[in-house]
Amino acid sequence: MICVKFEQVMNNVDEAVTENELAALLDAETKITAYAGYEPSGQLHLGHLLTAYKLIELQSSGVDVIVLLADLHAYLNEKGTMDQIGKWARYYEKCFTALGLAKETKFVLGSDYQLEPDYTKLILRLARHTTLNRARRSMDEVSRNAEDPVVSQMIYPLMQAADIGYLKIGIAVGGIDQRKIHMLAREALHSMGFQSPVCIHMPILLGLDANKMSSSKNNLIAVEDSSDSIKKKIASAYCPARTTEGNPILQLYRYFIFPRFKRVSLERPKRFGGQIEYEEFSKLEMDYAAGKLHPLDLKNGAALYIEQIVGPIRAVLLKD
RNA sequence: CCCGCCUUAACUCAGUCUGGCAGAGUGGUCGGCUGUAGACCGAUUUGUCCCCCGUUCAAAUCGGGGAGGCGGGACCA
């Protein structure tokens, strides 16, 4: 039974630090709190869904969940003015609600507590436990403007560690890009007498063009994309035949479609073999690698299924 | 506080010395070839030349002032 919980929580995860600690936490009697923080900036996309769904899975394992709308973090990382970021924060809360997080989910706006004296002292203490090099390297995958980092970007990881301590977080959820920040947080918090968090890292999705996802490059699927736009984006996605490595379309099956549909059915023209069904990703992946499944059929199926996943979310968002 | 260098398309940069239609590569878009995309081929697209003032028939280019970035120096009773 504990195993079932653990298996579910580990689904799709890139790594957990550490798995033993995670299993022990899920096993424990005491209430634990998990959180993920998001910089409110830009449209919500499939990458965000990955961590959000993990939070939902944690909720169903009896874990309390906090979604941190990290407005000050976004500000420190040069994502816009506080005014613009504030608007995004309200939008994000709407989106996350539409995704199906439980009613008990706590949405916390960073600036609501991150300016308290106690919190500030925590940052300053963390600053004494953290070398400049370490802080800077921790931001490698997160920083906007990595060339000429500003001091605010060194404060950023300290605040992330402070959040974990201040909010008494047991499990920190994030993309694998958060890894170095989380490791810093684990060490620094521990040396200051706090409980180190268990960290669950989700994979970072490739963009549809197989490059890094970026809203400015339009290579991602946003929750608000129309069904037509999803079709077009998937149609123009990079998808070399028989190649499973670094294939963004296969990623959609692995991380989104198979976890949600017991049976995945792909339509093909009769002359190319007609309809075919899969019950596990690995089978589909093997067929694709063997050239038994054509990229176009793979794409057409992906577009239909992704629409089924994103459509209901979009509907809720557009309702008001 | 002082000195030097840098700022031009979405990105990387050339052009500045010696003033004369705003450029290249990459990217984007469209088409061809593929039962997808990419690659390849063809076409096409993009500007506050950091800002202000001045000189000039004419300024990205010269002069003055300012902003931002980078590097160094100085200070270290």
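Lettering of chains follows the sequences in order, A, B, ..., and the numbering in each one begins at 1.
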inquiry  = I need the single residue from A/Q160, A/H201, A/E141 that forms a side chain to side chain donor-acceptor pair (under 3.5 Å) with A/Q178. Which is it?
reply    =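 Of A/Q160, A/H201, A/E141, side chain to side chain donor-acceptor pair (under 3.5 Å) with A/Q178 is met by A/Q160 alone.
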Rounding to an integer number of Å, can you tell me how far [X] [atom1] sits from [N] [atom2]?
X      : N     : atom1 : atom2 : value
A/R242 : B/G38 : CZ    : P     : 18 Å
A/H294 : B/G35 : NE2   : P     : 8 Å
A/D209 : B/U26 : CG    : P     : 17 Å
A/E78  : B/G69 : CD    : P     : 10 Å
A/L293 : B/U36 : CG    : P     : 14 Å
A/N211 : B/G38 : CG    : C1'   : 11 Å
A/D148 : B/G71 : CG    : C1'   : 12 Å
A/Y238 : B/U34 : OH    : P     : 21 Å

Rounded to whole angstrom, note down the [atom1] distance from [N] over to [M].
N     : M     : atom1 : value
B/U8  : B/U48 : P     : 11 Å
B/C62 : B/C5  : P     : 12 Å
B/G15 : B/G54 : C1'   : 24 Å
B/C49 : B/A22 : P     : 11 Å
B/G72 : B/C40 : C1'   : 49 Å
B/G20 : B/G65 : C1'   : 27 Å
B/C76 : B/U16 : C1'   : 40 Å
B/U44 : B/G4  : P     : 46 Å

Could you check which nucleotide pairs with [N] in any of the strands shown, counting Watson-Crick or G-U wobble with both distances under 3.5 Å?
N     : result
B/C70 : B/G4
B/G31 : B/C41
B/U12 : B/A24
B/U55 : none
B/U61 : none

task = For A/A241, report the nucleic acid contact type (base, sugar-phosphate, nothing); a contact means any heavy atom under 4.0 Å.
result =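 Here A/A241 touches the bases of the nucleic acid.
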task = Would you mind classifying the nucleic acid contact of A/D297 as base, sugar-phosphate or nothing, using non-hydrogen atoms under 4.0 angstrom?
result =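 Base: the residue A/D297, judged by heavy atoms under 4.0 Å, touches a nucleobase.
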message = With side-chain contact (heavy atoms from CB on, under 4.5 Å) as the test, pick out the partner of A/Y38 among A/D71, A/L44, A/L68, A/V67.
response =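 Among A/D71, A/L44, A/L68, A/V67, the one that satisfies the side-chain contact (heavy atoms from CB on, under 4.5 Å) with A/Y38 is A/V67.
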task = Check the surroundings of atom CZ in A/R136: do more than 12 heavy atoms from other residues, nucleotides or ligands lie under 6.0 Å from it?
result =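 No, not enclosed.
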message = So that I can tick it off, tell me whether A/E224 and A/R314 are bridged by a salt bridge, with the cut-off set at under 4.0 angstrom between side-chain N and carboxylate O.
response = no
message = Could you check, using the six-membered ring where one of them is a Trp, whether A/Y92 and A/H48 have ring centers closer than 6.0 angstrom?
response =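 A/Y92 vs A/H48: aromatic centres under 6.0 Å.
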query = Does A/A16 offer a backbone N or O that forms a donor-acceptor pair with the side chain of A/E19 under 3.5 Å?
reply = no
